[in-house]
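Here is the structure we will look at, set down as structure tokens.
Residues: numbered from 1 along the sequence shown.
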Amino acid sequence: MSYEHIQVAPNAGVGAFVDGVNLADVDEPSLAELRKAFADHSILFFRDQELTEQQHIGLAERWGDINVNRFFAHVEGYPQIAQVAKEPDQVNNIGGGWHTDHSYDQIPALGSMLYARQTPTRGGDTLFASTCAAYDALSDGLQETLQGLKAVHSSRHVFGAGVDRGDLSDRLGNTEAATQDAVHPVVITHPLSGRKSLYVNPAFTLHFEGWTAPESQALLSYLYQHIGRPEFCYRLQWAPGTLAFWDNRATWHWAINDYQGERRLMHRITLEGEPIAA
Ligand code: SIN
């Protein structure tokens with residue numbers, strides 16, 4: 001597709017960089033093209049954006065309804081914005097392993113707009129993977145086998161009461177909210193693109209429905225290493241002013257924790273999704 005109002009440069013792997021748009025003030029024709037680019041590329045990256053908290057919220061609200069995060073600390077005065085921060089004296093980071101957000105919800109969140117406010121002098125990149133490209137690359141036989149499966153997802157072992165989160169406790173504190181589990185098809189049809197997507201992830205998927213965890217482990221491990229193959233991935237180097245907008249139903253992400261002793265501060269707004277199905 002060609003675009004008249006924005007410039008879209010697709011990456012190898014997953015996602016596309018978008019140029020020619022000021023996210024603080026997007027006109028309607030550009031917004032329509034952004035929606036199309038988001039469906040086509042699953043992640044949009046923007047450089048050099050200057051957004052106040054209110055402008056970040058305004059952008060998200062024009063896209064859809066905001067999901068107020070029930071686990072993360074929020075930016076003071078802005079409950080809609082989750083604070084994804086790591087201070088110089090903290091060791092653990094938020095999101096430091098492959099995952100897709102909210103798969104433990106009955107209706108998983110659409111995705112997040114993550115905006116970089118402060119980045120380390122080096123490191124702190126985020127890896128993204130395409131679960132649609134990974135599905136497309138499977139054999140017909142394995143695609144057919146997976147079509148019939150569902151998987152159980154949970155947040156309890158990550159956010160629940162009694163879980164040792166080390167120095168993440170202050171940033172991920174609300175154990176009362178970690179009560180939701182969900183069952184989803186292993187292969188979903190993406191609600192925007194119609195593409196098939198592998199909807200399992202190492203952080204929140206427990207096992208296939210009707211299978212034990214040990215029985216599920218071998219096949220899940222195969223799928224996890226397959227989705228993480230480099231040809232389905234893109235590694236984003238952040239700078240202050242970079243915004244990444246990813247689709248949880250088509251991607252995984254991993255915030256790399258390689259900047260000990262430095263501060264990284266991101267503001268994340270998550271958008272409500274819609275029911276997902278095979
Ligand atoms: C997250 O998992 O939402 C955090 C991603 C990041 O900080 O890069």
Side-chain angles (χ1 to χ4, degrees), residues 1-2 8-16 35-45 97-112 126-154 181-236 244-254 273-278:
M1 142 130 198
S2 60
V8 179
N11 298 320
V14 64
R35 288 186 187 279
K36 167 77 178 131
F38 186 69
D40 284 349
H41 299 289
S42 308
I43 313 169
L44 302 181
F45 302 113
W98 280 126
H99 65 286
T100 188
D101 300 327
H102 291 245
S103 70
Y104 43 78
D105 285 339
Q106 303 292 333
I107 300 182
L110 176 152
S112 286
T126 303
L127 282 168
F128 293 91
S130 169
T131 52
C132 294
Y135 173 83
D136 291 344
L138 293 175
S139 66
D140 292 349
L142 185 48
Q143 286 182 350
E144 211 170 297
T145 300
L146 296 175
Q147 293 293 341
L149 295 179
K150 292 184 174 178
V152 178
H153 301 249
S154 180
D181 302 325
V183 176
H184 299 296
V186 168
V187 179
I188 60 167
T189 301
H190 192 274
L192 300 179
S193 67
R195 291 181 74 184
K196 298 284 186 192
S197 174
L198 287 171
Y199 198 68
V200 287
N201 70 91
F204 301 119
T205 305
L206 299 182
H207 57 85
F208 297 119
E209 188 183 46
W211 299 28
T212 66
E215 286 169 345
S216 306
Q217 197 185 350
L219 182 49
L220 283 175
S221 297
Y222 175 77
L223 295 175
Y224 295 160
Q225 66 79 26
H226 174 75
I227 295 169
R229 275 166 52 177
E231 60 267 42
F232 309 134
C233 294
Y234 181 78
R235 179 173 175 152
L236 175 69
F245 179 24
W246 67 78
D247 190 322
N248 284 323
R249 295 84 47 95
T251 63
W252 282 357
H253 55 280
W254 175 339
E274 58 226 278
I276 52 170

Q) Testing Y234, F245, F38 for ring pair (Phe, Tyr, Trp, His ring centres under 6.0 Å) with F45, which one passes? A) Y234
Q: Look at the rings of H184 and Y199 and say which category their plane angle falls in: under 30° parallel, 30 to 60° tilted, over 60° perpendicular.
A: perpendicular
Q) So which heavy atom on G111 is nearest to which on N248, and how close? A) CA-ND2, 3.5 Å
Q. Is the side chain of H99 donor-acceptor paired with the backbone N or O of D101 at a distance under 3.5 Å, no angle test?
A. no
Q | Those residues that, when tested against R229, pass salt bridge (Lys or Arg N to Asp or Glu O under 4.0 Å) (two or more places apart) | A | E231
Q: Indicate the atoms forming the closest heavy-atom contact of G273 with R249, along with that distance.
A: CA-NH1, 4.5 Å
Q) For A277 and P185, which heavy atoms make the closest approach, and how far apart are they? A) C-CG, 4.1 Å
(Q) Within the 4.5 Å heavy-atom criterion, are W252 and Y224 side-chain neighbours or not? (A) yes
Q | Working for side chain to side chain contact (heavy atoms under 4.5 Å, CB included), residues H41 and N11 | A | CA-CA 9 Å; H41 299 289; N11 298 320; over 6 Å; no
Q: Any chance you could lay out the side chain to side chain contact (heavy atoms under 4.5 Å, CB included) test for L149 and E209, step after step, and finish with the verdict?
A: CA-CA 7 Å; L149 295 179; E209 188 183 46; over 6 Å; no
Q) What are the two closest non-hydrogen atoms of T126 and H253, and how far apart are they? A) CG2-CB, 4.1 Å
Q: Using the side chain to side chain contact (heavy atoms under 4.5 Å, CB included) rule, take L219 and L146 through it: C-alpha gap first, then chi angles, then the decisive distance, then the call.
A: CA-CA 10 Å; L219 182 49; L146 296 175; 4.1 Å; yes
Q.
Donor-acceptor pair, distance only, cut-off 3.5 Å: does the side chain of S216 make one with the backbone of F208?
A. yes
Q) Do you know which two heavy atoms are closest between G228 and C233, and how far apart they sit? A) O-SG, 3.7 Å
**Q.** Verdict with supporting geometry, T251 and V14, side chain to side chain contact (heavy atoms under 4.5 Å, CB included)
**A.** CA-CA 8 Å; T251 63; V14 64; 4.2 Å; yes
(Q) So, taking the atom named CG in D247 and the one named OG in S130, what distance separates them when rounded to the nearest 0.5 Å? (A) 10.0 Å
Q: Enter the distance from I276:CD1 to Q106:CD here, rounded to the nearest 0.5 Å.
A: 10.0 Å
**Q.** V186 versus K150, closest heavy-atom pair with distance
**A.** CG2-C, 3.8 Å
Q. Out of curiosity, D181 CG to L206 CG, how far, rounded to the nearest 0.5 Å?
A. 7.0 Å
Q: Verify whether the ring centers belonging to F204 and H102 lie closer than 6.0 Å.
A: no
Under 3.5 Å, side-chain donor or acceptor atoms of residues 133-142 against the rest of the protein: list the pairs with distances, not counting sequence neighbours.
from	atom 1	to	atom 2	distance (Å)
Y135	OH	Q147	NE2	2.8
D136	OD2	R195	NH2	2.7
S139	OG	L142	N	3.1

**Q.** Between W246 and F128, ring centroids under 6.0 Å
**A.** yes
Q: Compare all side-chain heavy atoms of L220 with those of T205 and state whether any distance is below 4.5 angstrom.
A: yes
Q.
Any non-hydrogen side-chain atom of N201 less than 4.5 Å from a side-chain atom of H153?
A. yes
